[in-house]
2 protein chains.
Amino acid sequence: MTELLKSHDVNATGHRCHHDYQINCGNCRLNSICLPIALDLHEVEQLEEIIQRSRPLQKGEHLYRQDQPFGSVFAVRSGSVKAYAITDNGQEQVTGFYFPGEVLGMDGIAKNKYASSARAMETAAVCEIPFDKLGELSQRLPSLQRHFFQLMSQEIAEDQQLLTLLSKNTADQRVATLMLSISARNKRRKLSAANFRLPMSRTDIGNYLGLTVETVSRVLSRFQKLGVLSVDNKEINIIDAELLRSVADGSEPT
Amino acid sequence: MTELLKSHDVNATGHRCHHDYQINCGNCRLNSICLPIALDLHEVEQLEEIIQRSRPLQKGEHLYRQDQPFGSVFAVRSGSVKAYAITDNGQEQVTGFYFPGEVLGMDGIAKNKYASSARAMETAAVCEIPFDKLGELSQRLPSLQRHFFQLMSQEIAEDQQLLTLLSKNTADQRVATLMLSISARNKRRKLSAANFRLPMSRTDIGNYLGLTVETVSRVLSRFQKLGVLSVDNKEINIIDAELLRSVADGSEPT
DNA sequence: CGCCTGGTTGAGAATCATCAACATCTGTGG
DNA sequence: CCACAGATGTTGATGATTCTCAACCAGGCG
């Protein structure tokens, strides 16, 4: 319990230093994630010029809304964002969680309007990248064009993995996989892979994974009972990562 | 029964005329689907030059295989193709069905190797588009670049719709939605929206929709009993499209 | 302090998976 | 052209996982 509070402090500190308005792509700690390409200094400067950094968004504020005219894609700089779509028959589907360094909004390009809405799950800062300018710039910078093709391709590949998760895996496997995913993304940002705070509600987790709140809650409780991880509200502490992995890939019959 | 045979002939005829080797993008009946952009004549010619058209593939032949080095994206010219991925723990997941005019293989761009395999579900012809050349050409033709961004964005948006389907909808809704999707894609190709032959097996349908073969079979039988559609092996005849839609969106409690 | 949202836990119900038998279709070789 | 074998599809009976409904608990905020 007291252990968990410590890890929470670490995260909170991480936040504060990210809310730095002076940041640019060149010095951004996230650029190896957000722009994992060999853009040279001059090229980064050109990209720099089209990117807009606004004030941090408050929890609940929207980056964009479904059916609004598409204009920009967004890179998360700090905090976290969820994307969700409302279907014709009015049900909400969470389509993704986005952490610092990750890019969202690309589903709007096809129809020139956003296919989903995006809102901050906590205080968050984002870089807004106007897509028309990005297109122009990509005409001149082949590596930038290639990078964006890759980003979109990655989103496709990840969605397809998620399809498999929803289509073939049990509640245990889905929850375990999400925990591992968040852990891995934390690690990539040089944060703890074992301790983290979930920014989203149980309802959002369930919605994303195609499960009810109750099932998510039960699964997490069971994981705790089994000693796989500890749960204290939104604080997660992965105790036995190996076991969690074996649950996720189904080799561990829970 | 005899009625159905007739519709089958129509499809078969459609096939034959598509297996035309002389075809090019300019005269391709599918170009409004495959390239729904304002490429001018000269631009189409340039695209033309990089596209490769090989002999038709036999049923079961692969366009590409998972983990192979990524090289090209493919447009289906005739027949149909399924994409599927094998997960770490060895289970197969069908990630998509592709019909004439549709483009696949874009999941390979991110990691420079294909994230899935693709095989012909029946005799099929495809256009192979080497991606490095496409990238170069996109540098010079802004509308082509834009088109490919749109294509990939569309794939993302469609995958996310599929996520919703798997995550929130019943077996009935999933099957109904797939039938409507195939119907709509048929219609787009100026073929019958009501009568068509499913190129894929029940197993593939179930795999794609996250259901077992038995469930797919039962659902189709029930639909037939309810007078929504008629099923004769792979021949589908949509009898009450309105009812089918209401089943798909959940407003019809079957 | 108490309300309200969000989370947990329990009991019963429903959907879909599993297992099993049977039917039908396809294509191959006699 | 027919017969047979293997693959594919259908149908039924049973069972497991997850959902639904309901009660309860905890924490945050006016």
Side-chain angles (χ1 to χ4, degrees), chain A residues 1 4-5 8 58-60 82 91-92 94 121-123 165-176 197-226 229-236 247 250 252-254, chain B residues 1 4-5 8 12 58-60 82 91-94 121-123 165-176 197-226 229-236 247 250 252-254:
Chain A
M1 197 80 137
L4 289 166
L5 285 175
H8 177 251
Q58 294 305 309
K59 175 174 177 172
K82 81 163 176 177
Q91 49 192 357
E92 174 174 333
V94 173
M121 293 191 290
E122 58 193 321
T123 306
L165 192 68
L166 294 187
S167 144
K168 302 267 184 299
N169 294 2
T170 64
D172 283 356
Q173 292 179 297
R174 297 185 208 183
V175 175
R197 181 184 171 80
L198 299 174
M200 71 291 279
S201 67
R202 299 287 192 272
T203 306
D204 283 341
I205 294 177
N207 190 310
Y208 179 67
L209 295 175
L211 301 169
T212 57
V213 201
E214 294 95 324
T215 301
V216 173
S217 184
R218 277 186 252 271
V219 170
L220 286 176
S221 297
R222 185 142 26 83
F223 283 177
Q224 179 157 243
K225 205 161 289 172
L226 291 168
L229 45 74
S230 76
V231 187
D232 178 27
N233 206 350
K234 307 212 165 190
E235 285 307 322
I236 299 289
V247 171
E252 189 66 26
T254 48
Chain B
M1 196 84 133
L4 290 166
L5 286 174
H8 177 252
Q58 293 304 308
K59 176 175 177 170
K82 81 163 177 178
Q91 48 192 357
E92 176 175 331
Q93 167 72 36
V94 173
M121 294 191 290
E122 58 192 320
T123 306
L165 192 68
L166 295 187
S167 144
K168 303 266 182 302
N169 294 1
T170 64
D172 283 356
Q173 293 178 298
R174 297 185 209 183
V175 175
R197 181 183 171 80
L198 300 174
M200 72 291 281
S201 66
R202 298 287 192 271
T203 307
D204 282 341
I205 293 177
N207 191 310
Y208 178 68
L209 295 176
L211 302 169
T212 57
V213 200
E214 294 95 325
T215 300
V216 173
S217 184
R218 275 187 253 270
V219 170
L220 285 176
S221 297
R222 186 141 27 83
F223 283 176
Q224 179 158 243
K225 205 161 290 172
L226 290 169
L229 43 74
S230 77
V231 186
D232 177 28
N233 205 351
K234 308 214 165 192
E235 288 302 327
I236 299 289
V247 171
E252 189 64 26
T254 48

To the nearest angstrom, how far is [X] atom [atom1] from [N] atom [atom2]?
X        : N      : atom1 : atom2 : answer
B/Glu235 : D/dG9  : CD    : C1'   : 15 Å
A/Leu198 : C/dG7  : CG    : C1'   : 13 Å
B/Arg222 : C/dT15 : CZ    : C1'   : 10 Å
A/Asp172 : D/dT18 : CG    : P     : 7 Å
A/Asp232 : C/dG6  : CG    : P     : 18 Å
B/Arg197 : D/dT8  : CZ    : C1'   : 13 Å
A/Gln173 : D/dT18 : CD    : P     : 9 Å
A/Asn207 : D/dC19 : CG    : P     : 12 Å

Using the side-chain heavy atoms of [X], tell me which of these nucleotides is nearest: [options].
X        : options                : answer
A/Lys234 : C/dG7, D/dG9, C/dC16   : C/dG7
B/Ser217 : C/dG7, D/dT10, D/dC19  : D/dT10
B/Thr215 : C/dT8, C/dT9, C/dC16   : C/dC16
B/Thr212 : D/dT18, C/dT8, C/dA17  : C/dA17
A/Glu214 : D/dG9, D/dC21, C/dT8   : D/dC21
B/Asn233 : C/dG7, D/dA13, C/dT26  : C/dT26
B/Arg218 : D/dG9, C/dT18, D/dT20  : C/dT18
B/Val213 : D/dT10, D/dT11, D/dA22 : D/dT10

> Is a side-chain N or O of A/Asp172 found less than 3.5 angstrom from the main chain of A/Val247, in a donor-acceptor match?
Replying inline: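 No.
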
> Want to settle it: does B/Gly210 or B/Lys59 sit nearer the 5' end of DNA chain C, counting the closest nucleotide to each?
Replying inline: B/Gly210

>> So for atom NZ, which belongs to A/Lys59, do other residues, nucleotides or ligands contribute more than 12 heavy atoms lying within a distance under 6.0 Å?
In response: no

>> Evaluate A/Glu92 against A/Lys82 for salt bridge (Lys or Arg N to Asp or Glu O under 4.0 Å), listing each step before the verdict.
In response: CA-CA 12 Å; A/Glu92 174 174 333; A/Lys82 81 163 176 177; 3.3 Å; yes

>> A/Val175 and side-chain contact (heavy atoms from CB on, under 4.5 Å): which single residue from A/Thr170, A/Leu211, A/Asn169 fits?
In response: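 Result for side-chain contact (heavy atoms from CB on, under 4.5 Å) with A/Val175: A/Leu211.
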
> Which pair of non-hydrogen atoms, one from A/Leu198 and one from A/Arg202, has the smallest distance, and what is that distance?
Replying inline: CD1-NH1, 4.1 Å

> Which is true for B/Leu220 with a 4.0 Å heavy-atom rule: it touches a base, it touches only sugar-phosphate, or it touches nothing?
Replying inline: nothing

